[in-house]
Amino acid sequence: MEILTIDKIKTTYSFTNENLTEYQNITDFKDKNILSVVGSGDQYFSFLLFGTKEIDLFDNNLMALYYFYLKYYSIKLLNYKDFIEGFFYSKNIQKNYSKVRDYLPAEIKAFFDEVLKNKNLYSLLHRNFSLPVYSDHMDRAIPYLKGKRYYELKELLKSTPFPKMVLQDLRDLYASLDKMYDIMVFSNIYDYLYMNVKEYRQFLKNYEKYLNKGGIIFANYGFLFSEKYLRRYGFKNHYVQSADDAMAELGCKENIITLKKRF
């Protein structure tokens, strides 16, 4: 892993704006091998709670990997109250960080030491427009944000090895894969690939080679194409409840697009 410095910062998201709870209503995660984007880290933590066997992670944003380390050890070492106050309200940052600091790899520790000396950690993060502050209902979309499940996750982290994680772009990640998966999760990366649906379908053949029979690719969260057009290329559209509470109350839906390997 290269070393990140403050002058090379590319911000990352503090929490996902996807309704992760809905993923387990689309396919069974129990005892599955998964390849997932790192993003805010919430995919990994949620999938652990869904009963996955193993999760490999990738991202093209080094800040996302650094932030994952910080979040991982914060969940593992902090109580629920300190985690919520620190990650949502920037309270007791130095105190919380002191509990986590010595568990971080040397280069990541040096980076966050410098960050906290010169600026607030949360200036490095996007605040999600749909999930700007903590609410009592956020666990509806991000399951570990509920107190009981937070402590379930803590116990899982104690017995689960730190995941394999690589700094790589989806455009070329497939060339370095060396194992088979049951589930692949690509979040909304499609939005940044500048491909049409036909081109994306062709591109995903590179990943189908590493997908077990009956396996599924979560190809995108939020396609803006007709279902008929998606079906033409083998995709399936799933309407799910919005992660945003206000939008959910209005009955607004979001889209998860999947591709299933039949043979």
Q) So among Tyr13, Phe58, Phe45, which one has a ring-ring contact (aromatic ring centres under 6.0 Å, His included) with Phe68? A) Phe45
Q) Does Asp82 offer a backbone N or O that forms a donor-acceptor pair with the side chain of Asn96 under 3.5 Å? A) yes
Q) salt bridge (charged side-chain N to carboxylate O under 4.0 Å, His left out): which pairs involve residues 202-215, sequence neighbours left out? A) Arg201-Glu208
Q: Compute the ring centroids of Tyr207 and Phe186, then answer whether they are less than 6.0 Å apart.
A: yes
Q) Rounded to the nearest 0.5 Å, how far apart are CG of Asn237 and CD1 of Ile257? A) 4.0 Å
(Q) Test your reading of the model: is there a side-chain donor-acceptor pair from Glu199 to the backbone of Asn196, 3.5 Å cut-off? (A) yes
Q: Determine the minimum heavy-atom distance between Leu104 and Tyr97, stating which atoms define it.
A: CD1-CE1, 3.9 Å
Q: Using side-chain hydrogen bond (donor to acceptor under 3.5 Å, both in side chains) as the criterion, point out the one residue from Lys253, Glu22, Glu254, Arg140 that pairs with Gln241.
A: Arg140
Q. Just by distance, do the side chain of Lys154 and the backbone of Leu78 share a donor-acceptor pair under 3.5 Å?
A. yes
(Q) According to side-chain hydrogen bond (donor to acceptor under 3.5 Å, both in side chains), who are the partners of Asp42, at least two apart in sequence or on a separate chain? (A) Ser40, Lys71, Tyr144
Q. Should the pair Phe83 and Phe87 be assigned to parallel (<30°), tilted (30 to 60°) or perpendicular (>60°) ring geometry?
A. parallel
Q. What are the two closest non-hydrogen atoms of Ser46 and Ile142, and how far apart are they?
A. OG-CG2, 4.4 Å
Q. Quick one: side-chain hydrogen bond (donor to acceptor under 3.5 Å, both in side chains) partners of Ser187, sequence neighbours excluded?
A. Glu18
**Q.** Reported OH-to-CD1 distance for the pair Tyr67 and Ile108, which is rounded to 0.5 angstrom
**A.** 14.0 Å
**Q.** Test item: Thr52 and Lys30 side chains (from C-beta on) under 4.5 Å apart, heavy atoms
**A.** no
Q: Verify, without hydrogens or angle tests, whether Lys198 (side chain) and Tyr233 (backbone) share a donor-acceptor contact under 3.5 angstrom.
A: no
Q: Test Asp56 against Lys179 for salt bridge (Lys or Arg N to Asp or Glu O under 4.0 Å), laying out the working first.
A: CA-CA 10 Å; Asp56 293 339; Lys179 61 187 286 189; 3.2 Å; yes
**Q.** Residues that Tyr73 engages under side-chain hydrogen bond (donor to acceptor under 3.5 Å, both in side chains), provided they are two or more places apart
**A.** none
(Q) Any non-hydrogen side-chain atom of Tyr221 less than 4.5 Å from a side-chain atom of Val240? (A) yes
Q: Verify side-chain contact (heavy atoms from CB on, under 4.5 Å) between Leu153 and Leu48, making sure each step is shown before the conclusion.
A: CA-CA 7 Å; Leu153 178 58; Leu48 272 187; 4.1 Å; yes
Which side-chain N or O atoms in residues 161-171 pair as donor and acceptor under 3.5 Å with protein atoms at least two apart or in another chain?
| unit_1 | atom_1 | unit_2 | atom_2 | d |
| --- | --- | --- | --- | --- |
| Gln168 | OE1 | Ser176 | OG | 3.2 |
| Asp169 | OD1 | Arg171 | N | 2.8 |
| Asp169 | OD1 | Arg171 | NH1 | 3.2 |
| Asp169 | OD2 | Asn60 | ND2 | 3.0 |
| Asp169 | OD2 | Arg171 | NH1 | 3.1 |
| Arg171 | NH2 | Tyr192 | O | 2.8 |

Q) Side chains of Leu35 and Leu173: does their closest heavy-atom pair fall under 4.5 Å? A) yes
**Q.** Any side-chain heavy-atom pair of Val100 and Phe112 under 4.5 Å
**A.** no
Q: Go through Asn220 and Asn188 one step at a time and tell me if the side chain to side chain donor-acceptor pair (under 3.5 Å) criterion holds.
A: CA-CA 5 Å; Asn220 200 63; Asn188 68 335; over 6 Å; no
Q. Donor-acceptor pair, Lys261 side chain versus Leu211 backbone, under 3.5 Å?
A. yes
(Q) Restricting to non-hydrogen atoms, name the atom on Tyr151 and the atom on Tyr80 that form the minimum distance, rounded to 0.1 Å. (A) OH-N, 3.0 Å
Q: Output, in order, the C-alpha distance, side-chain angles, deciding distance and verdict of side-chain contact (heavy atoms from CB on, under 4.5 Å) for Lys109 and Asp102.
A: CA-CA 8 Å; Lys109 183 193 306 182; Asp102 290 341; 4.1 Å; yes
Q: Heavy atoms only: give me the nearest Val38-Leu65 pair and the separation to one decimal.
A: CG2-CD1, 4.1 Å
Q | Closest contact, heavy atoms only, Thr21 versus Pro143 | A | OG1-CD, 3.8 Å
Q. Under 3.5 Å, side chain of Tyr190 to main-chain N/O of Met195, donor-acceptor pair present?
A. yes
Q) Around atom OH of Tyr103, are there more than 12 heavy atoms of other residues, nucleotides or ligands at under 6.0 Å? A) no
Q.
Below 30° counts as parallel, above 60° as perpendicular, anything between as tilted: where do the rings of Phe203 and Tyr174 land?
A. perpendicular
Q: Please report the closest heavy-atom contact between Asn19 and Ala243, naming both atoms and the distance.
A: N-CB, 3.7 Å
(Q) If you count heavy atoms of other groups shown closer than 6.0 angstrom to NZ of Lys260, is the number above 12? (A) no
(Q) Tyr181: which residues meet the ring-ring contact (aromatic ring centres under 6.0 Å, His included) condition with it, sequence neighbours left out? (A) none
Q: For the pair Tyr200 and Phe235, evaluate side-chain contact (heavy atoms from CB on, under 4.5 Å) and give the outcome as yes or no after the intermediate values.
A: CA-CA 11 Å; Tyr200 189 42; Phe235 293 104; 4.1 Å; yes
Q | N-O pairing of Lys53 and Asp182 below 4.0 Å | A | no
Q. Does Asp113 pair with Arg101 as a salt bridge, N-O distance under 4.0 Å?
A. yes
Q | Minimum side-chain heavy-atom gap Ile75-Leu157 below 4.5 Å | A | yes
Q. In terms of the angle between their ring planes, are Tyr66 and Phe111 parallel, tilted or perpendicular, with boundaries placed at 30° and 60°?
A. perpendicular
Q | side-chain contact (heavy atoms from CB on, under 4.5 Å) assessment of Tyr150 paired with Ile84 | A | CA-CA 10 Å; Tyr150 178 85; Ile84 295 298; over 6 Å; no
